[in-house]
Amino acid sequence: MTPPVSRSNSSRNRSWWGWGTADKALPDTECTALGGLVPGSAATPLPVPDISALELPKVRIEPPSALAPLMSAAPRDRASHTYGKAYRDVVRALNGDLSAAPDQVAHPRTEQDVIDVLDWAAEADVAVVPYGAGSSVVGGVEYRADRHRGVVSLDLSSLGRVLEIDAVSRAARIQAGALGPDLEAQLRPHGLTLRHFPQSFEFSTLGGWLATRAGGHYATLYTHIDDLVESLRVVTPVGVNESLRLPGSGAGPSPDRMFLGSEGTLGVITEAWMRLQDRPCHKASATVLFSDVHAAMNAVRVIAQSGLHPANCRLLDPGEAALAGVARDGESVLVLGVESAHSPVGERLSELVILARDHGGSPAPAATDAEDAAADTWRSAFLRMPYLRDALARMSVITETFETACTWDRAPGLYESVRRDLGDVVREVTGAAGTINCRFTHVYPDGPAPYFTVIAPGRRGDEVAMWDEIKSAAMQILTDHGATVTHHHAVGRDHRPGYDRQRPEPFAHALRAVKQSLDPAGILNPGVLFDPAVAG
């Protein structure tokens with residue numbers, strides 16, 4: 001059994017209103033300078049509200065004495081658990097709109113605490129919103145209904161240990177509240193890794209990844225957390241569901257698949273046995289430039305279908321490449337990376353570069369200093385981007401993303417339609433041309449996962465409504481092109497309209513029946529996946 005480790009963020013001040021830690025947020029002067037790059041942005045940044053001055057809704061419920069030690073109604077706890085980290089969440093927090101704040105924040109220390117909270121909530125008609133680390137960008141942790149006496153945010157961050165490691169089978173039993181860095185720190189002494197690194201890695205938990213079917217950093221092969229699950233343990237209002245540890249099984253529908261992506265509306269994931277890998281020690285990367293974005297897409301398709309399985313296969317279109325600082329002459333940039341725990345990877349990287357070159361790419365010269373490589377530049381920009389988004393939000397700039405996946409035959413048309421048709425919507429809503437960039441985050445033999453960034457000036461006070469109008473149009477374009485409403489950001493509440501169109505009705509009927517069976521009182525995260533009024 002692995003001893004507990006100190007939590008990676010315990011010594012740093014997490015931002016209650018925006019991404020990450022408060023010490024990394026851009027100061028006012030840098031916000032103003034950044035806003036100056038977007039014509040039409042506000043002249044001054046929105047101030048960050050003082051928590052002591054916030055007007056929070058009156059606390060409507062009090063826990064029973066047995067649960068009181070687990071609960072907090074402190075303003076900072078309630079404020080920081082009101083929203084996730086989407087653009088619309090950040091803007092509302094900056095404007096002091098915390099009308100959706102939970103009445104209480106529960107911090108269970110054991111699985112039995114989780115059971116006790118759910119038992120009380122079902123009897124008291126209190127909604128329970130499971131909360132990992134709050135990095136949702138789709139309204140997944142925000143209560144938006146009004147049919148319960150109160151709301152509890154169930155923060156699982158105290159359940160953060162690697163409980164057991166099976167080195168023979170190369171798997172580990174891990175509590176759902178484990179943050180990415182803490183999880184990896186507990187596996188590192190054993191030479192093992194989960195090898196799941198989403199952009200939110202530092203500020204998200206294993207349970208959150210499982211509940212949202214999160215995608216990791218790696219672009220091919222094991223892209224989603226689904227692929228790494230051996231078994232799940234889930235607390236539901238009617239009992240604990242634990243699946244058998246198996247490398248694979250054909251015994252009926254998978255019990256794990258029912259809870260993966262259920263976003264806390266069917267049960268609370270408390271533990272999981274996860275498949276591990278040996279830590280890689282051989283790594284190599286290369287950058288390939290393309291003068292034509294469609295030629296680049298074709299090259300990536302060939303690579304995805306080659307069976308070479310690069311760890312990194314990020315295609316940045318010209319706008320995204322310029323934004324990340326890896327190209328300035330209108331090129332698309334393909335960042336390739338390979339790694340292995342067992343053998344050198346140079347030959348495999350050479351094969352990938354040859355494929356890219358044969359389809360119109362120009363390999364960039366090898367950097368003499370690793371820190372000058374495009375891959376490292378892009379990686380730094382990638383991790384810094386959420387903080388820049390928050391800074392632009394303070395300048396009333398609309399800056400947000402949406403992602404999807406489609407088959408290769410539809411990818412070029414989808415890319416052009418989003419840039420053209422959504423571009424028209426952005427111009428109509430904001431009065432400015434705006435910027436729409438794209439990158440491929442993950443690629444499969446049958447299709448890519450395009451990830452779009454939208455940047456445009458907003459009107460102070462109307463930013464959320466403006467983005468909602470743009471996002472609605474984006475969801476319709478995705479539907480029209482047979483693309484998914486989300487590849488790895490989950491459904492939450494913001495993607496509900498698109499998910500309702502994508503989901504087959506017989507499956508929707510079955511899902512509601514499962515909800516009724518597992519959560520008869522309808523207390524678990526009402527509003528995600530389907531309407532609580534229908535499900536309850």
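For reference, positions follow the sequence shown, starting with 1. Remember, it's a predicted structure, so these values are computed and weren't measured experimentally. Heavy atoms only: backbone and side chains are in, while hydrogens, waters and symmetry mates are out.
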task: Any side-chain hydrogen bond (donor to acceptor under 3.5 Å, both in side chains) involving residues 89-100? Give me the pairs, sequence neighbours left out, ordered by first then second residue.
output: Asp89-Arg92, Arg92-Glu142, Asp97-Ser99
query: For Leu246, does its backbone N or O pair with a side-chain atom of Glu230 as donor and acceptor, under 3.5 Å?
result: no
message: With a 3.5 Å distance limit and no angle check, can you tell me whether Thr236 reaches the backbone of Gly239 through a side-chain donor-acceptor pair?
response: yes
field: Least distance between heavy atoms, Ala490 atom then Val138 atom
entry: O-CG1, 3.7 Å
field: Nearest heavy atoms of Leu56 and Ala101, plus distance in Å
entry: CD2-CB, 3.9 Å
The single option from Glu271, Arg245, Arg173 passing side chain to side chain contact (heavy atoms under 4.5 Å, CB included) against Ser231: Arg245
message: Give me the atom names and distance for the closest heavy-atom approach of Val528 to Ser262.
response: CG2-O, 4.4 Å
message: Ignoring hydrogens, what is the shortest heavy-atom contact between Asp155 and Gly132? Give both atom names and the distance.
response: OD1-O, 4.0 Å
message: With a 3.5 Å distance limit and no angle check, can you tell me whether Lys85 reaches the backbone of Trp19 through a side-chain donor-acceptor pair?
response: no
field: Exercise: do Thr486 and Glu403 side chains pair donor with acceptor under 3.5 Å
entry: yes
Whether over 12 other heavy atoms sit under 6.0 Å from Glu30 CD: yes
query: What pair of heavy atoms forms the shortest contact from Arg460 to Ser396, and how long is it?
result: NE-OG, 2.8 Å
field: Distance-only side-chain donor-acceptor flag, Gln502 / Thr484, under 3.5 Å
entry: yes
query: Between the side chain of Arg195 and the main-chain N/O of Tyr218, is any donor-acceptor distance below 3.5 Å?
result: no
- request: Measure from the side-chain N and O atoms of Arg493 to the backbone N and O of Gly139, and report whether any donor-acceptor pair falls under 3.5 Å.
  value: yes
- request: May I ask you to check whether His196 and His217 place their ring centers less than 6.0 Å from one another?
  value: no
message: Taking atom CG as the centre, does Asp146 end up with more than 12 heavy-atom neighbours from other residues, nucleotides or ligands that are less than 6.0 angstrom away?
response: no
message: Closer than 4.0 angstrom, basic N to acidic O: yes or no for Asp494 and Lys471?
response: no
Exercise: do Thr265 and Asn525 side chains pair donor with acceptor under 3.5 Å: no
- prompt: If you look at every heavy atom in Ala93 and Trp17, which pair is closest and at what distance?
  reply: CB-CB, 3.9 Å
message: Strictly below 4.0 Å, N to O, side chains only: are Asp166 and Arg170 in salt-bridge contact?
response: no
query: So, the side chain of Ser204 versus the backbone of Ser200: is there a donor-acceptor pair under 3.5 Å, distance only?
result: yes
- prompt: When Glu263 is tested against each of Val491, Val141, Val129 for side chain to side chain contact (heavy atoms under 4.5 Å, CB included), which residue passes?
  reply: Val491
query: Do Asp23 and Asn13 come close enough that some side-chain heavy atom pair is under 4.5 Å?
result: no
Candidates Val229, Leu228, Asp226, Leu194 - the one meeting side chain to side chain contact (heavy atoms under 4.5 Å, CB included) with Trp209: Leu194
query: Any luck finding a side-chain donor-acceptor pair between Glu184 and Thr193 under 3.5 Å?
result: yes
field: Aromatic centroids of Tyr451 and His442 separated by under 6.0 Å
entry: no
- request: Might you confirm whether atom OH of Tyr387 has over 12 heavy atoms from other residues, nucleotides or ligands at distances under 6.0 Å?
  value: yes
query: What is the ring orientation for His81 with Tyr131, classed by angle as parallel under 30°, tilted 30 to 60°, or perpendicular over 60°?
result: tilted
message: If we ignore hydrogens and angles and just use 3.5 Å, is the side chain of Gln175 paired with the main-chain N or O of Thr270 as donor and acceptor?
response: no
